[in-house]
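Letters go in sequence order (proteins before strands), and every chain restarts at 1. We use all heavy atoms of the structure for the numbers below, so side chains are in, but hydrogens, waters and symmetry mates are not. Since the structure is predicted, the reported quantities are computational estimates derived from the model, not experimental observations.
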Amino acid sequence: MSENMCTLEMKDISIEFPGVKALNNVNFTMRSGEIRAVVGANGAGKSTLMKVLAGANETYTGDIFIDSQHYELRTPRAAKDLGIELVYQEVDTALFPYLTVGENIMFNSIVTGMKGRAMIRWRKINKSARDILRQLNMDIDVTRKMSSLTLAQKQMVLIARAVREQCRFLILDEPTAPLSLGEVAELFRIVKELASKKNVGIIFISHRLPELFQICQSLTVMKDGQVVANRTVDSSLTVQDIVNLMLGRSFEENFPKIPAPIGDVVIEAEHLMDGEGKVRDVSFSIRSGEIVGVCGLVGAGKTELCKLLFGANRMGAGTVRYKGKPISVHSPTSAVRQKIALVPEERRKEGVLVSEPVYFNLSAACLGKFANRFSFIVRSLEIANAKKLVGDLGIKTPSVYQRVKYLSGGNQQKVAVGKWLTSDSDIYMLDEPTKGVDVGAKRDIFQLIQSLAKQGKAVLYASSEINEILAITDRLYVMYNGEFVTELETHKTTEEEILYYATGGRK
Amino acid sequence: MARTTKNSAARGAVTGFLTKWASIIALIAIFGFFALKMPQLFLTSSNMITILRSISVTTIIAIGLTVTLAVGGFDLSSGSMATMSGALVISFFVWYQMNMWLAIPLAITATMALTLITMFLIVKCKIPDLLATLAMMFMLDGLSLTYSGGGAVSEGMPRFDGTPTIGKIPRMFKDMGQAPAIIIIMIVIVIIIHIFLTYTKYGRYIYAVGGNKEAARLSGIPVNRYRIFAGMLSAVFIGLGGVLVASRNMSAQIQGAAGYAMPAISAVFIGRSVAGADKPNAFGTFIGASLVGILENGLIMMSVPYYSLNAVKGVVLAIALASTYYSSKSEG
Ligand SMILES: Nc1ncnc2c1ncn2[C@@H]1O[C@H](COP(=O)(O)OP(=O)(O)OP(=O)(O)O)[C@@H](O)[C@H]1O
Ligand SMILES: [Mg+2]
């Protein structure tokens, strides 16, 4: 296979959107069989560059060569014909939820490979799909409906689809952001195999810098629409170096914990259950000023727990007390009224209104604050608040009037977090709030969370990122398979201990 | 090569501009066309008034639909709903000798009550809007005919069972559907709903629900309550639309307002993109309704036979809609 060695070269690529120069004379080189990381702060232009390569940004200027031959990549078809496949940051946008796994994998051959036949040969399609999955050692039933898969499985399906297409270059845009550790390992195994056995060139985008060392041979750093460095990944390179290049300033990796005075118990839950067995007999309490972590692998039930407390999922059994008094939270509306806030996990589906502007989103959760007594919105207050949050969180946008769909992934996430920060709640629940945000922004978000604690709020921080839990919480619960298996003091525990319980270990 | 890409970028900007202003450009173009073709006939102040009067009902019903579409719904039954409201108001006058200040609010309240059934089907039974309102359309058509006894209702006409009627339709009721009043009503409604949707908390919530129901729900917005509220608000204007149709006819005709449903929906969709709003909005709806109205007026003046009118209108509407929806590729 290695005879078809080829190089990919992008020269002086620029692209401009209203108000933003997203790419500014970018040069990027890559060869097949290589695994190259592309890193950079939110809004640096990573996804935009990759979309150019995948033919999804037809208005670029500049030249693209494969083996010194010039190509115009103005349509996704043109890129696919050259064997360039992009797995998007938002996997759902590329899948057909009502079709089966097999159909999704074989979609292109169903569309283009029919050669005048009108009937789909199900058995053949399913067989080929199964073969591909087997080759990649993926264990997914091809007859399942796409919509029933987990995020990780959806991603696998996209990779399988990409691989089917005589792929020469595979671009993975933040594939690991929603994955658990085990799933990441599985993904890495597949990616490495593709690179070594099938000689596919892999471009790998991620904000989890330490993992790059496990998988990448080389690294491109982007900043403000430009490539600022190309490095080989070896033992002389450190995470710190990468951060310096990304942010253009030195940066302390460990987040300093600001101590906040701990007060009385604000929220207390006993024997919580949902109807479906995703949350089983969970009891906990949070005091004011306290940041309590809920740590568990993806799928442990953290999201379900948060939604349960927020009234978005039906409560099966259990009691919740707010400052000692039992409360009933039967809908998100009643949760908000009882001063509970939730930053949900899936930003595009649940967190932001993508076709509305930034300011609209930032005030959506607490519009009452910006309305006068006749319910008219006071525009100046609303805009001032939006501007403040954009500054505090470093949301990269040409203005607060920009529609959220035009922001980069990480900046959309910041909007989803930001909209709750003005809500004057007493209890904040954050479900994977740093998914897809860069290290600098993570620090900003951490600071804001800590300042909430300092104001005496109770914070529940749900995450599968153990190092984040260790950095920011006072106390934590480890969740496994819907249950809280243990409670730990953050400063007395270690990553290993948490991982032991999170993977099903028992006391 | 660099040049071709510049061109395509420039083309992107041009299409962007066209999409934003397509409806208004189309409006001006159609207006200009008729004005040049028939300056003495078309471009007279009396004809301008005629146009405004003729678009009033469409606009008012379309304003109702604007609210429905803004919250993410859809409504096929507006024509039948308006017909029902018209039948009620005339029957109140003729059969029950009610006065105007009772009859009109009562007819509108009845429309709201009927819309509550629609909202029940949509929100509680979770039937998709399109299907629920299709079902309602049939139900209402049957219901209004049953109510009126299978025919029209007008002054002096005996009831279905032969009972003579003595009620009179008030003079003032007639004036309501005539030139200054009906135009003023329309303009006031457009302005109020524009302010409501753009500047108030409730309008904002309606757009949030229409934008992404799940995100709105998880923002603590009571989604179903706003959907029902939007339906009720919409019913007020559709009911009023029916009342005005009745006032113009001074009677309740079979399917009297049915013809307004499609132009009203078109008006909302044509207006969606006006000034880059990209969502149903009151001002845009007014522009959309004007476009439809001017077109009809001009075509009649050019003595296009009435039986071909719809064909021409359909084609022009399709073009107007195409220019609004034809946007950059990347939007998919
Ligand atoms: N279609 C668009 N219209 C307007 N601006 C855009 C568009 N697409 C991207 N941008 C802007 O271009 C810049 C680069 O965005 P891009 O998505 O490439 O960032 P990124 O490096 O992938 O960031 P992240 O890590 O947050 O995913 C951002 O400022 C973004 O707001
Ligand atoms: Mg991105």
A:Phe376 versus chain B, the contacting section by heavy-atom distance below 4.5 Å: both
A:Asn372 side, atom CG; B:Tyr199 side, atom OH - distance, nearest 0.5 Å: 13.5 Å
Region of B:Lys213 in contact with chain A, defined by heavy-atom distances below 4.5 Å: neither
A:Lys11 atom NZ: more than 12 heavy-atom contacts under 6.0 Å: no
A:Lys278 NZ: over 12 foreign heavy atoms closer than 6.0 Å: no
Contact class of B:Tyr207 relative to chain A, heavy atoms under 4.5 angstrom: both
Gap between atom NZ of B:Lys201 and atom CD1 of A:Ile377 - 0.5 Å precision: 9.0 Å
Region of A:Ser363 in contact with chain B, defined by heavy-atom distances below 4.5 Å: side chain
CG-OG distance between A:Asn361 and B:Ser219, expressed to the nearest 0.5 angstrom: 8.0 Å
Distance-minimising heavy-atom pair for A:Ser375 and B:Tyr202: OG-OH, 3.0 Å
Inter-residue atom distance A:Glu350.CD - B:Glu214.CD, 0.5 Å rounding: 5.5 Å
Closest contact, heavy atoms only, B:Gly220 versus A:Val336: CA-CG2, 3.6 Å
Structural part of A:Glu356 lying under 4.5 Å from a heavy atom of chain B: side chain
Heavy-atom pair of closest approach, residues B:Asn212 and A:Lys349: ND2-O, 3.1 Å
Side chain, backbone, both or neither of A:Lys51 within contact of chain B (heavy atoms, under 4.5 Å): neither
Over all atoms of both residues, closest heavy-atom pair of B:Tyr205 and A:Ala364: CE2-O, 4.1 Å
Heavy-atom contact with chain B under 4.5 Å, split by part of A:Ala312: both
Structural part of A:Ser331 lying under 4.5 Å from a heavy atom of chain B: neither
Within 6.0 Å of CZ in B:Phe74, more than 12 heavy atoms from elsewhere: yes
Interchain contact, A:Phe374 with chain B, by part (heavy-atom threshold 4.5 Å): neither
Separation between OG1 of A:Thr333 and CD1 of B:Ile221, rounded to the nearest 0.5 Å: 8.5 Å
